[in-house]
Amino acid sequence: MPVRSLKPVLACAAAVSLGLAAVTPAHGVDGPAPDPRNRQAMRDMAAAIAATAKYADEREAIKDGYVPHGEPCMTNPFGVGAMGYHYVKQAYWGSTDPTKPTALLYSTEKDRNGRRTLQTVEWMSTDRDQDLTTKDDRPTMFGLPFDGPMPGHWTGMPKHYDLHMWAYKKNPAGRFHNWNTGLTCPKKTPAATGAAHAHGAH
């Protein structure tokens, strides 16, 4: 990526990183959030942002092996909110490494150059016993439990846990809430079908 085009990406990453210091304790926000006194969680959040800032350019994600899956937009069937297009890197499935998110979520709409905007990073992990009534293998990151277990979002995807971090798009419900209450999906055509039931609600 040319140096000139890196400037807005790095500026965005720096702004988000600075925002980590302003994260309030979990009891002080609408959605889940790490305790800001948890230094490891703060370091891990900063590492995640630093590692994914380059994916503000959708082409970089595709070049690194992130492949679009599912629908361009998913609506929360349990309440308010939506989430965008999942670009998944299968090699990072099951990762709890802050620098290796399983998925990058991009905007449903494209900009004037025909590219989507990075909004979220997400980690996914298979539910070991594929039983939605048990959760003894639930992973944690940033001092927070993953959501789930839940059904897969598209054909072939197993029952799993996941954790979203809205690092590049403000989420009124909280940075780690799975659904962004500030987003809505475009109205679907009659031929479109939904898969949003797969995601749980807080």
Looking only at non-hydrogen atoms, find the nearest pair between Leu144 and Phe176 and report the distance.
CD1-CG, 3.6 Å
Residue pair Pro139 / Thr96: nearest heavy atoms and the distance that separates them:
CB-CG2, 4.3 Å
What's the verdict on side-chain contact (heavy atoms from CB on, under 4.5 Å) for Leu105 and His164, showing C-alpha distance, side-chain angles and the deciding distance?
CA-CA 9 Å; Leu105 274 64; His164 297 75; 4.0 Å; yes
Using only atom types and a distance under 3.5 Å, with no angle test, would you say the side chain of Thr108 pairs donor to acceptor with the backbone of Pro72?
yes
Side-chain heavy-atom pair Thr117, Lys169 within 4.5 angstrom cut-off
no
List the atom of Gln119, the atom of Ser107, and the distance in Å for their closest heavy-atom pair.
NE2-CB, 3.6 Å
How far does CD of Glu60 sit from OH of Tyr55, to the nearest 0.5 angstrom?
8.0 Å
Nearest heavy-atom neighbours spanning Ala61 and Leu104
CB-CD1, 3.6 Å
Begin with the C-alpha distance, continue with both residues' side-chain angles, and end with the deciding distance and a verdict on side-chain contact (heavy atoms from CB on, under 4.5 Å) for Arg115 and Tyr106.
CA-CA 9 Å; Arg115 300 187 190 114; Tyr106 285 87; over 6 Å; no
Do Tyr168 and Ile62 share a hydrophobic cluster, counting only Ile, Leu, Val, Met, Phe, Trp and Tyr and linking them when any side-chain heavy atoms are less than 4.5 Å apart?
yes
Which value, rounded to the nearest 0.5 Å, describes the distance between Asn180 atom CG and Asn178 atom CG?
10.5 Å
Is it the case that atom NZ in Lys89 sees more than 12 heavy atoms from other parts of the structure closer than 6.0 Å?
yes
May I ask you to decide if the ring planes of Tyr87 and Tyr85 are parallel, tilted or perpendicular, using 30° and 60° as cut-offs?
perpendicular
Side chains of Met157 and Met124, heavy atoms from C-beta outward: is any pair under 4.5 Å?
yes
Please lay out, stage by stage, how Met141 and Asp44 fare under the test side-chain contact (heavy atoms from CB on, under 4.5 Å).
CA-CA 9 Å; Met141 286 182 69; Asp44 286 348; over 6 Å; no
Anything under 30° is parallel, anything over 60° is perpendicular, the rest tilted; go ahead and classify Tyr92 against Tyr66.
perpendicular
Can any side-chain N or O of Trp166 pair as donor or acceptor with the backbone N or O of His177 at less than 3.5 Å?
yes
Any idea how Trp154 and His86 line up, ring-wise: parallel (<30°), tilted (30 to 60°), or perpendicular (>60°)?
perpendicular
To the nearest 0.5 Å, tell me how far Asn76 CG sits from Leu183 CG.
11.5 Å
Does the Asn171 side chain pair with the main chain of Gly182, one donor and one acceptor, at a distance under 3.5 Å?
no
Any luck finding a side-chain donor-acceptor pair between His160 and His153 under 3.5 Å?
yes
Evaluate side-chain contact (heavy atoms from CB on, under 4.5 Å) for Met42 paired with Met45, printing each intermediate quantity in order.
CA-CA 5 Å; Met42 297 299 103; Met45 289 173 68; 3.7 Å; yes
Shortest non-hydrogen contact between Asn38 and Gly143, atoms and distance
ND2-CA, 4.3 Å
Find the distance between CZ (Phe146) and CD (Glu122) and round it off to the nearest 0.5 Å.
9.0 Å
CG-CG distance between Asp136 and Asp127, expressed to the nearest 0.5 angstrom:
8.5 Å
Rounded distance (nearest 0.5 Å) linking atom CG of Asp147 with atom CZ of Arg138:
7.5 Å
Pro101 to Thr52 - nearest heavy-atom pair and separation:
CG-CG2, 3.7 Å
Is Glu109 close to Pro186 at the side-chain level, that is, under 4.5 Å between some pair of heavy atoms?
yes
